Each structure stands twice: as structure tokens, then as C-alpha cells.
Novice: 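What follows is a structure written as C-alpha cells; I'll ask about it next.
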Number of protein chains: 2
Amino acid sequence: MDAARLAATSPVDTAVSSIAAAIAKPARTRMLYSLMDGHARTGTELAIVGDVSPSTASVHLARLKSENLVKVFVQGRHRYYSLAGPSVARALERLSVLAGGPRRPFVPHTPEPLRAARSCYDHLAGAIAVSLHDHFVRSRWLESGRGNARTGAYVLTSAGTRAFATLGLDLDQARALRRRFAYACLDWSERRPHLGGALGAAFLALALSRMWLAREYDSRALTVTRIGHREFRTRFGLEF
Amino acid sequence: MDAARLAATSPVDTAVSSIAAAIAKPARTRMLYSLMDGHARTGTELAIVGDVSPSTASVHLARLKSENLVKVFVQGRHRYYSLAGPSVARALERLSVLAGGPRRPFVPHTPEPLRAARSCYDHLAGAIAVSLHDHFVRSRWLESGRGNARTGAYVLTSAGTRAFATLGLDLDQARALRRRFAYACLDWSERRPHLGGALGAAFLALALSRMWLAREYDSRALTVTRIGHREFRTRFGLEF
DNA sequence: CCCATACTTCGTTTACGGTCAAAGCATGGA
DNA sequence: TCCATGCTTTGACCGTAAACGAAGTATGGG
């Protein structure tokens, strides 16, 4: 076989090299595989995953992004990173096979309590929050506002105003805050929206004061109380 | 999500890191992808492929071997490297998808003339050589000798002795050479054995002198002449 | 307007590993 | 026994990039 032919280099080769190099460092490997569960994570979380400082993590994530291994979703001050697509997951899967870990659990492994209910800043998140959000929309308490596609903004309908007032929410106080009133906040364990903004915060505050939910000692997890079970079922049709 | 859980590192992660690192350098990437066609290549050939010196290639190949990405088959002074298994090919395939080369031709791309017939040191190789080998064995001209499993040694049967003598081969001269008389030499484009050793060399010399085959100007490729077509078909039942 | 949080950029240090030539084996063939 | 070939080992050199803290930027919320 002639040398010229053997030495011919495809541009794909160099691309593969740099992609493999992007995967190759332990910190980045850990970050990528932690994202295999389908959850998005913030830069700070991934710094912990990678066991490096936030600044180092930032560099790593920039690299992963430039190689199109992850995509980023900016929400407020947070940057949520997730795998760029199924093809990335498949490639990582194949590599893990070579690594002799034939079966690693690529299933979501968010702790159950956190998946069910947790706080997201000052509002409610998790499976329950997503169900509630769906109920609010289905009941026409909330409707898409201007620029909903971009900002996720919701407006409260008259039915919604009555309903939340009946619950005991102080809507005037919520509106007085200089912050977004209601918007669709992507829930990153459920991958569907839940209710954020002043209204979401007010609802969480109400649920806590009514003892529908209780805060866990040192995490963002929330527990649904016996009362909460009953109220969520009767008032909002939630099934547990 | 608590930090301890996020920071938990699986041993698979570090294995993936080092495997990815092994793939990551351009020289090694080129070597690996050149092996995707299923052909084994010698260290020297892979040095050319990787565009590095033989000594550097040796280091690279040692690394690929230690990561179980390639396996090596020693034949004489040559070390034939090939992908360690289908799982390696699959992983490389996935990576090339990420690299944006969705479809690269992972089919054998040995130049056709070389696939058909070429010299292997001093004997005949390629598709024709494999067919001939099969004919010799099927016709009971050759039978497995002592240690065939290890050395691939063949012994000539009395039928074989008569047949080759009839062809005009000087078997005594071939036997007089201080080299292996006949053995199964792995054909790396066909991945099946062809006839090597003194007998194989004598056969090639005969075929050339009878004008069944003609050498190409500057490669190992051999051309089957019109006469060769007829003779190979009538004498050995080869189909073209 | 100001603070707090999340993340990025910068500058420096450090270390890993890729590279080659030269010398050292090992094998095959004369 | 000797040489030629194929491959590996060694040793010196150099370049890339990973790491951190500190300083800078951006966003949200009071």
C-alpha cells in the first residue's frame, strides 16, 4: 500500500481528536456523565461534579460547548447545561462500554424527595409543581401573555384572579413586587414548566403557612404533609 | 442536590477519560480510523498513517494496546495491529458522527488491484491467493502439519507432491531452502489464510515465469494476464 | 441604587505527554 | 555466523493545557 494513500488525513479525524480530547479529562468526563441522566445542571453544580473550582469549571464548560457536546439554557443568573443531543449520549454510552462499565444506570437518579417537590429559589418545583402548573393552565386561571414564547410570561385571567383570591393569596401584594409576576419556569427534573415569579412565590409561601408542605432540614426538598395530600387532591385534582 | 452525591465519581469515569485520551491525539486518531476498514496494519504502516516516526508510533500503539483499543498479531518480524473488537469500531463510529462526518466510508478501501492479487514478501496474496489456498486444501494437496494451530504449518500430501511436480514446480529446490516449507499466512485484506513459505514463493515464481501474473511497476500489486485467467480457471477452478 | 449571586476572564504556575534520534532487541533469511 | 529489517526503549526537549485565586461582568431582587 502506498504511503501517500495511507497518510491521507480526513478533516473528520482532527474533529474526532478534539472531541475525544474534550471528553478525555476526568473533570469533564464526570460532568458529561452526570448529564447522562437527562437533567440540566448549573455551572456551579457541575463544578462540584467535576471536583474543580467554579472558574475551572467555566473553562471546561466553554470547551464542551465549543465542541457541541453540551448546550446551555440561560435562565436568570443561572446557566443550565445539558447534553447537546442524543448522539452525544450515544457516543458516551459506547465509550462507557469500552471502559468496562457495561451497564451504568443512565436513568434519572435525582433523589426521589427532590423529584417530587422542592423549592426553586422561592417557588415550588418538582413533579407536584408541574402538575399544579398544568392544572392552572387547564382551568384557564393562567393564559399565555405577551412574549410568552420568549419570556414564558403568563397573565392571570379573571377566573384565576377569583380562584387565587379564594385560596387566600394576596394578589395585590404579589403584583406590588418589582419582579415578574408569573412565568413558565422550566423544571429540570421533569423537563416541563412549572409556575415561577411573584405568583409562584406567593403560592409556595401559602402552601408552607397552611402546612401543605414542610421544608427539609438542609436541602431544597419539600415534604407533602397529610393535610397537603388532601388539599392538593381536592382543590387541584392532584393524584399521588 | 447535595454536593456529596454530585461529586461521587465512578471508576468507570476515569476509565472513560483515559480511553478518550488515547483516542484524542491526531496521530492515534488517524491510526484507529485507518483500521476501521477491518485490515490489520504493521507498526511501520501505522507510523505513516499517523504521520509520525516509527519510534513515536511504537509508543502510540503501546498506549492503544494498553487501553485495549487495538490487538496485535505477531507474524515474523511484523506486528499486525487491528481494532480490538466490534465495540471499539462502534465507539469510533459514534464519535465520527459527533465530528460531523455522518457517513464516512467504513468499507474496505484497499485499492482493488491490491485486493485481487499482490505479493506478500515473496509469495502470492490477495483474493486469488486465498482461493488458491482453499483449492489446495480442498484437493488434499496440503494437510495440516504438526503444530498447525500455532505455526500454521502444512505438509504436502503425495497427491500434492504429484500435482505441484506436474505443474513444473521444483519441490526439491524448495525444500532445500532453510525456511518454512509451507504454512498458512494470514491474508489481511481477505482475513483468511493464503499459502506462504518456500512452496508459496515457488508458486509465485512459477506463475510469473509462465506469465499468469505480471508485476505492477512500483507496487506489490499483481495483474492477472489473459493466460493467467485461463490457467487459474482450468487448473484450479477459480472464478473471476 | 446597591447588594448578592452566578459565572467568566485573566495571569501565573505546574505538569503531563508528544516528539525525535540514537541505541538496543528480536526475527528471518543467506 | 552474519546481516537486514521491524520494532521498542531511552533520554532530552518542548508545547499544550489544566489548575487556582483574584478581579471583572451580568442578572435579579430589595
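As the structure is a prediction and not an experimental result, all values here were calculated from the model. A note on names: the letters A, B, ... follow the listed sequences, proteins ahead of strands, and every chain is numbered from 1.
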Novice: Check the interface with nucleotides 19-23 of chain D: list each N/O to N/O pair with the protein under 3.5 Å, or write none.
Specialist:
unit_1 : atom_1 : unit_2  : atom_2 : d
D:dA19 : OP2    : A:His60 : NE2    : 2.3
D:dC20 : OP2    : A:Ser53 : N      : 3.1
D:dC20 : OP2    : A:Ser53 : OG     : 3.3
D:dC20 : OP2    : A:Thr56 : OG1    : 2.8
D:dG21 : N7     : A:Ser55 : OG     : 3.4
D:dG21 : O6     : A:Ser55 : OG     : 3.2

Novice: Whole-Å distance between D:dT27 C1' and A:Tyr80 OH?
Specialist: 14 Å
Novice: Taking atom C1' of D:dC7 as reference, at what distance in whole Å does atom CZ of B:Arg63 sit?
Specialist: 20 Å
Novice: Whole Å only: how far is the CD1 atom of B:Ile48 from the C1' atom of D:dC7?
Specialist: 14 Å
Novice: Can you list the steps and then say if A:Tyr154 with A:His133 is a ring pair (Phe, Tyr, Trp, His ring centres under 6.0 Å)?
Specialist: CA-CA 11 Å; A:Tyr154 281 127; A:His133 166 272; 5.6 Å; yes
Novice: Decide side-chain hydrogen bond (donor to acceptor under 3.5 Å, both in side chains) for B:Thr44 and B:Thr42; before the verdict, give the C-alpha distance in whole Å, the side-chain angles of both, and the deciding distance to 0.1 Å.
Specialist: CA-CA 5 Å; B:Thr44 307; B:Thr42 66; 4.5 Å; no
Novice: Kindly indicate whether a cation-pi arrangement holds for B:Arg175 with B:Phe181, taking the cut-offs as under 6.0 Å to the six-membered ring centre and within 45° of the axis.
Specialist: yes
Novice: Measure from the side-chain N and O atoms of B:Ser17 to the backbone N and O of B:Asp13, and report whether any donor-acceptor pair falls under 3.5 Å.
Specialist: yes
Novice: For the side chain of B:Arg30 and the backbone of B:Val49, is there at least one donor-acceptor N/O pair under 3.5 Å apart?
Specialist: yes
Novice: Given D:dA18, is OP1 or OP2 found less than 4.0 Å from the side-chain N or O atoms of A:Arg28?
Specialist: yes
Novice: Can you check the A:Gln173 CD to D:dG30 P distance for me, whole Å?
Specialist: 11 Å
Novice: Quick check: closest heavy atoms across A:Ser18 and A:Ala15, and the distance to 0.1 Å?
Specialist: OG-O, 3.1 Å
Novice: Atom pairs, N/O to N/O, protein against nucleotides 25-30 of chain C, distance under 3.5 Å?
Specialist:
none

Novice: Over how many whole Å does the gap from A:Leu64 atom CG to C:dT8 atom C1' extend?
Specialist: 15 Å
Novice: Kindly write out the residues that satisfy ring pair (Phe, Tyr, Trp, His ring centres under 6.0 Å) with A:Phe164, not counting sequence neighbours, or none if the list is empty.
Specialist: A:Phe136, A:Trp141
Novice: In terms of side-chain heavy atoms of A:Thr44, which of D:dC7, C:dC7, D:dA18 is nearest?
Specialist: C:dC7
Novice: Decide ring pair (Phe, Tyr, Trp, His ring centres under 6.0 Å) for A:Tyr81 and A:His60; before the verdict, give the C-alpha distance in whole Å, the side-chain angles of both, and the deciding distance to 0.1 Å.
Specialist: CA-CA 12 Å; A:Tyr81 291 91; A:His60 283 319; over 10 Å; no
Novice: Given atom NZ of B:Lys65 and atom P of D:dC7, what is their separation to the nearest angstrom?
Specialist: 15 Å
Novice: I need the CD1-P distance between A:Ile23 and D:dA17, as an integer number of Å.
Specialist: 16 Å
Novice: Can you tell me how far apart CZ (A:Arg79) and OG (A:Ser58) are? Round to the nearest 0.5 Å.
Specialist: 8.0 Å
Novice: Using whole Å, report how far CZ of A:Phe73 lies from P of D:dT27.
Specialist: 15 Å
